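Here the structure is laid out as structure tokens; the discussion comes afterwards.
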Amino acid sequence: MTRALALFSGGLDSLLACRVIAAQGILVQAVKFVTPFFGYELLAREQEYARMVRDSYGIEVVLRDVSEAFFAMLRNPAHGYGKNFNPCVDCKILLLREAKRLMEEFSASFLITGEIIGQRPMSQRRDTLRVIERDSGCTGILLRPLCAKILEPTLAEREGLVDRELLLDFNGRGRQPQIQLAAKFGISSYPSPAGGCVLTEREQAKRIAWYYARYPQVRLNDIRLLLFGRHFHLPHGGWFVLGRDEAENRRLEALHDPGDFLVHMPERPGPMGVLHGAVHPDDLAAAAGLVVRFGKKISDESTAATVLFAAGGEEHRLVAEPLADELFQEWAL
Ligand code: SF4
């Protein structure tokens with residue numbers, strides 16, 4: 001039986017691409033690549049996710065973590081960034097390269113994606129699709145079922161593994177053809193298109209770009225830390241992260257590096273903080289002031305509190321007043 005490997009985002013287009021090929025009697029295995037920038041939380045519940053996709057859409061999916069390769073690419077993407085810190089063309093090249101590598105494992109004869117010509121400004125122009133194919137080493141083996149009829153036939157079509165007549169000629173940004181096709185397959189609920197990549201979100205992207213400009217070595221846990229909480233770049237170089245609720249406080253504790261300071265008020269409810277790379281006493285004082293500022297007031301007036309710094313089995317205490325807002329606003333990331 002012919003097998004195809006699908007790059008699966010979870011959005012409607014990738015679902016449809018899988019179903020169009022499966023409708024020809026081809027066995028489709030989907031792979032969803034994840035990094036902390038997209039899809040990472042699924043790793044903790046892969047089986048449940050795979051079951052949901054199977055039950056809802058009749059598609060078999062596995063997850064693959066490509067964080068390290070992605071981090072390296074993000075520093076200097078050959079085709080540049082989009083509107084924010086999103087390296088969409090190089091991202092697609094990287095994911096296709098990874099998919100090509102997996103073809104043998106899944107005995108796949110070709111690859112499929114849900115891309116549609118003209119749907120996205122940067123990464124889905126006809127010339128860009130060709131560049132992506134070429135630079136990923138996938139020329140001829142990458143079939144885009146939703147717009148295949150307006151592209152050159154791929155190997156799978158030329159060799160008769162796939163009936164080109166049953167493929168589609170979608171083009172442009174309109175969603176109606178996809179919605180009608182989904183109805184034909186009995187698919188009525190599906191995630192919204194695009195969504196889900198933090199590199200396209202302005203504030204998050206700025207923070208990630210700041211990190212990249214500052215740290216030559218990218219660490220997985222640092223990237224995970226960047227994506228939640230309040231962040232401050234302190235005057236003497238410290239990077240300070242504060243939890244905004246209990247769940248974030250727990251995540252900070254779990255993700256902090258043993259060399260970082262964990263910072264909190266032992267005698268008063270308030271946020272957990274992680275202080276990264278700061279040894280300057282003024283940064284310690286600033287972090288303490290921020291913890292008190294964002295902690296619970298014990299009366300109408302916010303008053304000084306003891307702040308505990310813990311790192312590598314050692315503890316220090318500082319008594320700090322809440323920091324005035326105008327003092328720290330320009331430190332916010
Ligand atoms: S939006 Fe994010 S996941 Fe999607 S192609 Fe661009 S960089 Fe990759």
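Only a predicted model underlies this, so the values are computations on that prediction, with no experimental measurement involved. Counting from 1, the numbers follow the sequence of the chain as shown.
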Is a side-chain donor or acceptor of [X] paired with a backbone partner of [Y] at a separation under 3.5 angstrom?
{"X": "N84", "Y": "N86", "answer": "no"}
{"X": "Q178", "Y": "L12", "answer": "no"}
{"X": "Y212", "Y": "F71", "answer": "yes"}
{"X": "D90", "Y": "H79", "answer": "yes"}
{"X": "D283", "Y": "H280", "answer": "no"}
{"X": "R164", "Y": "E157", "answer": "no"}
{"X": "H231", "Y": "L225", "answer": "yes"}
{"X": "D163", "Y": "E165", "answer": "yes"}
{"X": "R75", "Y": "P216", "answer": "yes"}
{"X": "K100", "Y": "G137", "answer": "yes"}

Do [X] and [Y] belong to the same hydrophobic cluster, where Ile, Leu, Val, Met, Phe, Trp and Tyr are linked whenever their side-chain heavy atoms lie under 4.5 Å apart, directly or via other members?
{"X": "L161", "Y": "L166", "result": "no"}
{"X": "F294", "Y": "V292", "result": "yes"}
{"X": "V28", "Y": "L155", "result": "yes"}
{"X": "F8", "Y": "L102", "result": "yes"}
{"X": "M103", "Y": "L96", "result": "yes"}

Point-to-point distance, once rounded to the nearest 0.5 Å, from [atom1] of [X] to [atom2] of [Y]:
{"X": "I132", "Y": "R144", "atom1": "CD1", "atom2": "CZ", "result": "6.5 Å"}
{"X": "I150", "Y": "N171", "atom1": "CD1", "atom2": "CG", "result": "4.0 Å"}
{"X": "D65", "Y": "F33", "atom1": "CG", "atom2": "CZ", "result": "10.5 Å"}
{"X": "L168", "Y": "L16", "atom1": "CG", "atom2": "CG", "result": "8.5 Å"}
{"X": "L142", "Y": "L111", "atom1": "CG", "atom2": "CG", "result": "6.0 Å"}
{"X": "Q29", "Y": "F106", "atom1": "CD", "atom2": "CZ", "result": "5.0 Å"}

Side chain to side chain, [X] and [Y], heavy atoms closer than 4.5 Å:
{"X": "V263", "Y": "L290", "result": "no"}
{"X": "H256", "Y": "M272", "result": "no"}
{"X": "L262", "Y": "V274", "result": "yes"}
{"X": "L143", "Y": "I21", "result": "yes"}
{"X": "I223", "Y": "Y40", "result": "no"}
{"X": "Y57", "Y": "M52", "result": "yes"}
{"X": "Q119", "Y": "D13", "result": "yes"}
{"X": "L255", "Y": "F228", "result": "yes"}

field: Residue pair H276, Y215: steps toward the ring-ring contact (aromatic ring centres under 6.0 Å, His included) verdict
entry: CA-CA 12 Å; H276 199 67; Y215 292 93; 5.8 Å; yes
statement: Tracing side-chain contacts under 4.5 Å among Ile, Leu, Val, Met, Phe, Trp and Tyr outward from M1 reaches L27
Taking all non-hydrogen atoms of both residues into account, name the closest pair between [X] and [Y] and its distance.
{"X": "I93", "Y": "S136", "result": "O-CB, 3.6 Å"}
{"X": "F170", "Y": "C147", "result": "O-CB, 3.2 Å"}
{"X": "L151", "Y": "I117", "result": "CD2-CD1, 3.4 Å"}
{"X": "V61", "Y": "A50", "result": "O-CB, 3.7 Å"}
{"X": "T154", "Y": "G140", "result": "CB-O, 3.5 Å"}
{"X": "N249", "Y": "G243", "result": "OD1-CA, 3.3 Å"}

- request: Run the numbers on L199 and Y81 for side chain to side chain contact (heavy atoms under 4.5 Å, CB included), then give the verdict.
  value: CA-CA 10 Å; L199 294 168; Y81 302 99; over 6 Å; no
message: For a salt bridge (Lys or Arg N to Asp or Glu O under 4.0 Å) check, start with the C-alpha distance between D135 and R97, then their side-chain angles and the critical distance, and finish with the verdict.
response: CA-CA 9 Å; D135 290 3; R97 267 195 209 131; over 6 Å; no
query: Does the side chain of R224 come under 3.5 Å of the side chain of S67 through a donor N or O and an acceptor N or O?
result: no
message: Regarding S9 and S14, do their side chains bring together a donor and an acceptor under 3.5 Å, going by distance alone?
response: yes
- prompt: Salt bridge check: are E152 and R130 linked by an N-O gap of less than 4.0 Å?
  reply: no
- prompt: When you check the gap from the basic side-chain N to the acidic O, do E203 and K206 get nearer than 4.0 Å?
  reply: yes
task: May I have the step-by-step check of side chain to side chain contact (heavy atoms under 4.5 Å, CB included) for R19 and I187, ending in yes or no?
output: CA-CA 10 Å; R19 292 295 295 268; I187 298 174; 4.0 Å; yes
Identified salt bridge (charged side-chain N to carboxylate O under 4.0 Å, His left out) counterpart of R64 within the set E105, E46, E98: E105
Aromatic ring pairing [X]/[Y], orientation class (parallel under 30°, perpendicular over 60°, tilted between):
{"X": "W239", "Y": "W210", "value": "perpendicular"}
{"X": "F70", "Y": "F37", "value": "tilted"}
{"X": "F328", "Y": "W331", "value": "tilted"}

More than 12 heavy atoms from other groups under 6.0 Å of CD on E41: yes
- request: Report, as yes or no, whether the 6.0 Å neighbourhood of atom CD on E330 holds more than 12 heavy atoms from other residues, nucleotides or ligands.
  value: no
Stepwise side chain to side chain contact (heavy atoms under 4.5 Å, CB included) test for H264 and L308: CA-CA 5 Å; H264 77 288; L308 181 77; 3.6 Å; yes
- prompt: Should E248 and R230 be marked as a salt bridge (Lys or Arg N to Asp or Glu O under 4.0 Å) after you check the CA-CA gap, both sets of side-chain angles, and the distance that decides it?
  reply: CA-CA 10 Å; E248 290 194 349; R230 296 178 212 278; over 6 Å; no
task: Decide yes or no on side chain to side chain contact (heavy atoms under 4.5 Å, CB included) for V241 and L226, but give the supporting numbers first.
output: CA-CA 8 Å; V241 192; L226 275 171; over 6 Å; no
